[in-house]
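In what follows, a single structure is set out as structure tokens and then discussed.
Ligands are counted one by one from 1 in listed order, and the atoms in each one are counted from 1 as well. Not measured: the values here are computed from a predicted model.
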Amino acid sequence: MFSIVIPIYNEEDNIVKLSDSILNSLPNLKYEILFINDGSTDNSEEIIEKLTNNHTNIHLINLRRNYGQTAAMQAGFDHSKGDIVIPMDGDLQNDPRDIPLLLNKINEGYDVVSGWRKDRLDKKFTRVIPSKIANHLISKISGLPLHDYGCTLKAYKKEVLNEIKLYGEMHRFIPIYASWEGAKVTEIPVRHHARIAGKTKYGLSRIPKVILDILVIRFFDKSLDRPIHLFGKFGLFMFFLAFVLALLALYLKIFMNTSFILTPLPLLVVFFTMSGLLCIFIGLLAEIQSRIYFESINRPSYLIKQTHKTKKE
Ligand code: UDP
Ligand code: MG
């Protein structure tokens, strides 16, 4: 059995069409549909409620307020009962006819199958082009080359999701976390349709958020279990700068007879020393936090794939 997870925020004109198209395109398969109503202010809730009365495999989870797409998806993952979980958008932009294709790939042995909206039908300048750049950057930084992190339509084995907690707007990066944990990830092209009813919830304001998310990914990849290496490096570099500038100031004073107060050098020396100290202390704090983090999730800093033992006779 698999679970389809659909976050819904004000999609009243799309829900019935979407559930019909799912039900029609997946005959003879065993699955549940979880609609997560993310604090919609329109009639989405009533509409989904009606559907749950008519179909035993459609469920509604009502969140108390609007938490954002990532949290809504996490709620869906937490309540899903299938061994495979397939999130998709509630606005008819993803096509349920692609679901069997995703399932096939999972059956071939992949843990994560990412949809790639090859012919994406969104606004070119505010969405498609920035997303191309972001996908390129994220692929480079994470080491997992995917064309379309932002496509909601993906398929995950449940075990993979159990290992991952989603924060902020991180649902786009599940494949990255999964691949770091050793999951087999692949992608297939999926269909994409223009939004007909309702409004998109995202725009250009996404860009700074994505840049910051990329920073976080970078940090989590390289430095989560040894933050002092990152902060400390900056700190030491600042000390080095301070030292070189101090030497320069002394040189000018002794050999060129230039008074300290005639150059900005002493000020810079103090500035870089302070910055270096701060970096190192922040690094130490981050060390403590990293330890608390690993203890609190009760997880070692490694994951074991398999252990080989000699069999007893
Ligand atoms: N969504 C949500 N909570 C939010 C914003 C969006 O549950 O705070 C849902 C929305 O209803 C849709 C999906 O997330 O089903 C994707 O949103 P949208 O279509 O606006 O994004 P786009 O396709 O423009 O990237
Ligand atoms: Mg959409």
Item to check | Residue pair Arg97 / Ser21, side-chain donor-acceptor N/O under 3.5 Å | outcome: no
Checklist entry - Do you see an N/O/S atom of Asp91, backbone or side chain, under 2.8 Å from the Mg ion (ligand 2)? => result yes
Checklist entry - To which of Asp91, Asp122, Asn94 does the heavy atom nearest atom 19 (O) of ligand 1 belong? => result Asp91
Item to check | Subset of ligand 1 atoms that lie under 4.0 Å from at least one heavy atom of Gln69 | outcome: 2 (C), 3 (N), 4 (C), 8 (O), 13 (C), 14 (O), 16 (C)
Checklist entry - Shortest non-hydrogen contact from Asp42 to Glu11? => result OD2-N, 3.4 Å
Checklist entry - Considering all heavy atoms of both residues, which atom of Thr70 and which atom of Glu169 are nearest to each other, and what is their separation? => result OG1-CA, 3.1 Å
Item to check | Row check, Tyr67 ring normal vs Arg65 NZ/CZ: under 6.0 Å, within 45° | outcome: yes
Checklist entry - Going by distance only, is there an N or O of Tyr202 that falls short of 3.5 Å from an N or O of ligand 1? => result no
Item to check | Those atoms of ligand 1 less than 4.0 Å from some heavy atom in Asp89 | outcome: 13 (C), 15 (O), 16 (C), 23 (O)
Item to check | Asn66 contact mode with ligand 1 (heavy-atom cut-off under 4.0 Å) | outcome: side chain
Checklist entry - Aromatic rings Phe2 and Tyr31: how do their planes relate, parallel, tilted or perpendicular, breaks at 30° and 60°? => result parallel
Checklist entry - Do Glu49 and Asn62 get their side chains close enough for a donor-acceptor pair, meaning under 3.5 Å? => result no
Checklist entry - Honestly, is Arg172 close enough over Tyr202, meaning NZ or CZ under 6.0 Å from the six-membered ring centre and within 45° of the axis? => result yes
Checklist entry - Have Arg120 and Ser131 got a donor and an acceptor in their side chains that come within less than 3.5 Å? => result yes
Next on the checklist: Strictly under 2.8 Å, is the Mg ion (ligand 2) approached by any N, O or S atom of Thr152?
Outcome noted: no
Checklist entry - Does any N or O atom in Gly90 lie less than 3.5 angstrom from one in ligand 1, N or O only? => result yes
Checklist entry - Can you list the ligand 1 atoms lying under 4.0 Å from a non-hydrogen atom of Glu11? => result 10 (C), 11 (O), 12 (C), 15 (O)
Checklist entry - Among protein heavy atoms, which sits nearest to atom 6 (C) of ligand 1, and what does the distance come to when rounded to 0.1 Å? => result Lys201 CD, 3.8 Å
Checklist entry - What protein heavy atom sits nearest atom 7 (O) of ligand 1, and how far away is it? => result Pro7 CB, 3.3 Å
Next on the checklist: Counting non-hydrogen protein atoms only, what is the nearest one to atom 23 (O) of ligand 1? Give residue, atom name and distance.
Outcome noted: Gln93 OE1, 2.9 Å
Checklist entry - Are any of the side-chain nitrogens in Arg291 or Glu295 under 4.0 Å away from the carboxylate oxygens of its partner? => result no
Checklist entry - Where does the angle between the aromatic ring planes of Phe255 and Tyr251 fall among parallel (under 30°), tilted (30 to 60°) and perpendicular (over 60°)? => result tilted
Checklist entry - So which protein heavy atom does atom 4 (C) of ligand 1 come closest to, and at what separation? => result Asp38 OD2, 3.4 Å
Checklist outcome for this item: The protein heavy atom nearest to atom 1 (N) of ligand 1 is Tyr9 CB, 3.7 Å
Next on the checklist: For atom 24 (O) of ligand 1, what is the closest protein heavy atom, and at what distance to 0.1 Å?
Outcome noted: Thr200 OG1, 2.5 Å
Checklist entry - Heavy atoms only: which of Lys199, Arg120, Arg195, Arg127 is nearest to atom 18 (P) of ligand 1? => result Arg195
